[in-house]
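The next block holds one structure in the form of structure tokens; read it before the comments.
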Amino acid sequence: MNLEKVIFGAFVILACTLNFGFFIGELDNPLHHHELELAATVVVNLIAMTLKFGDRTHIGALHLATSIVAVLQLLAASIVWLVSTRVMGAPSEGEVMATVVSLSGGALLANLISVTLMIGETLRRAR
């Protein structure tokens, strides 16, 4: 068993599941989307992205691309939430929360693509 592959797989799947946990719930209800869960999702996605550096294969480039997309969308969601609620003083419900959750949904799709690539690569190597 390759420990590096285990850690890589664990972080890719953890990034996806944390993102799913934040995304699930009523779109505009801030009680269903905790800011610390979004922060944890950003951190784990950043770790997963750094683990994807160094793979010089085509599949590795696709893994990195999906991680970059996920991190950018999660950072955008965090910035929207921060600026709207802390700088502009808007309540974290309605349109603000819908925008934050929608951006995390885009990141979730990128994470699902990454997990699919990982499973496909694993199945290809098994043959």
Side-chain angles (χ1 to χ4, degrees):
M1 183 180 330
N2 186 342
L3 183 61
E4 181 181 323
K5 296 288 183 188
V6 171
I7 293 171
F8 172 77
F11 271 96
V12 168
I13 293 170
L14 182 61
C16 188
T17 57
L18 278 172
N19 199 344
F20 180 77
F22 177 79
F23 178 77
I24 201 75
E26 290 181 27
L27 187 65
D28 59 347
N29 188 344
L31 297 174
H32 296 178
H33 312 284
H34 199 275
E35 58 193 17
L36 291 179
E37 191 171 12
L38 179 60
T41 303
V42 170
V43 168
V44 170
N45 272 277
L46 283 168
I47 293 169
M49 185 179 74
T50 59
L51 291 173
K52 293 175 182 180
F53 281 110
D55 188 353
R56 304 251 185 251
T57 64
H58 181 69
I59 230 53
L62 291 174
H63 272 295
L64 184 58
T66 60
S67 278
I68 290 171
V69 168
V71 166
L72 287 175
Q73 293 220 269
L74 290 169
L75 288 175
S78 299
I79 291 168
V80 165
W81 202 349
L82 180 74
V83 169
S84 297
T85 59
R86 305 286 188 232
V87 176
M88 297 173 56
S92 64
E93 56 189 20
E95 186 179 339
V96 171
M97 188 54 60
T99 302
V100 170
V101 173
S102 294
L103 285 166
S104 78
L108 177 61
L109 183 58
N111 282 329
L112 288 172
I113 292 169
S114 186
V115 168
T116 303
L117 287 171
M118 187 179 67
I119 292 170
E121 184 180 15
T122 302
L123 290 175
R124 193 181 67 160
R125 288 182 189 218
R127 292 181 181 187

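These figures come from a predicted structure and were not determined experimentally. Numbering starts at 1 and runs along the sequence shown.
- Shortest non-hydrogen contact noted between Ala15 and Asn111 is O-ND2, 3.6 Å.
- Taking CE from Met49 and NE2 from His63, the interatomic distance works out to 15.0 Å, rounded to the nearest 0.5 Å.
- Scanning all heavy atoms of the two residues, the minimum distance from Cys16 to Val115 falls at CB-CG2, 3.9 Å.
- Under a hydrophobic-cluster definition in which Ile, Leu, Val, Met, Phe, Trp and Tyr are linked whenever side-chain heavy atoms come within less than 4.5 Å, directly or via other members, Leu46 and Leu72 are assigned to the same cluster.
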Checklist entry - Are Leu109 and Phe23 close enough, and set up right, to give a side chain to side chain contact (heavy atoms under 4.5 Å, CB included), and what steps lead you there? => result CA-CA 11 Å; Leu109 183 58; Phe23 178 77; over 6 Å; no
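- Nearest heavy-atom pair across Ala40 and Leu18 is O-CD1, 4.0 Å.
- Linking ILVMFWY residues whenever their side-chain heavy atoms come closer than 4.5 Å, directly or via other members, places Val42 and Val80 in the same cluster.
- When all heavy atoms are compared, the tightest approach of Ser114 to Lys52 is OG-NZ, 2.8 Å.
- Considering Leu108, Leu27, Asp28, Leu38 as possible partners of Val101, the one that fulfils the side chain to side chain contact (heavy atoms under 4.5 Å, CB included) test is Leu27.
- Between atom CD1 of residue Ile7 and atom CG of residue Leu3 there is a gap of 4.0 Å, rounded to the nearest 0.5 Å.
- In this structure, the separation between CD on Glu26 and CE on Met97 is 12.0 Å, given to the nearest 0.5 Å.
- Summarising the geometry of Asn45 relative to Ala70, their closest heavy-atom pair is OD1-CB, 3.7 Å, with the distance given to 0.1 Å.
- Under a hydrophobic clustering in which Ile, Leu, Val, Met, Phe, Trp and Tyr are joined whenever their side-chain heavy atoms come within less than 4.5 Å, directly or via other members, Leu123 and Val12 fall into the same cluster.
- To the nearest 0.5 Å, atoms CG (Leu64) and CD1 (Ile59) are separated by 13.0 Å.
- Scanning all heavy atoms of the two residues, the minimum distance from Leu36 to His34 falls at N-ND1, 3.0 Å.
- One finds the OG atom of Ser67 at 11.5 Å from the CD1 atom of Ile113 (value rounded to the nearest 0.5 Å).
- Criterion: ILVMFWY side-chain heavy atoms under 4.5 Å apart, direct or through other members. Under it, Val43 and Val71 are not part of a common hydrophobic cluster.
- No donor-acceptor pair closer than 3.5 Å links the side chain of Ser84 to the backbone N or O of Trp81.
- More than 12 heavy atoms of other residues, nucleotides or ligands sit less than 6.0 Å from atom CZ of Phe8.
- The line from OG1 of Thr41 to CD of Gln73 is 13.5 Å long, rounded to the nearest 0.5 Å.
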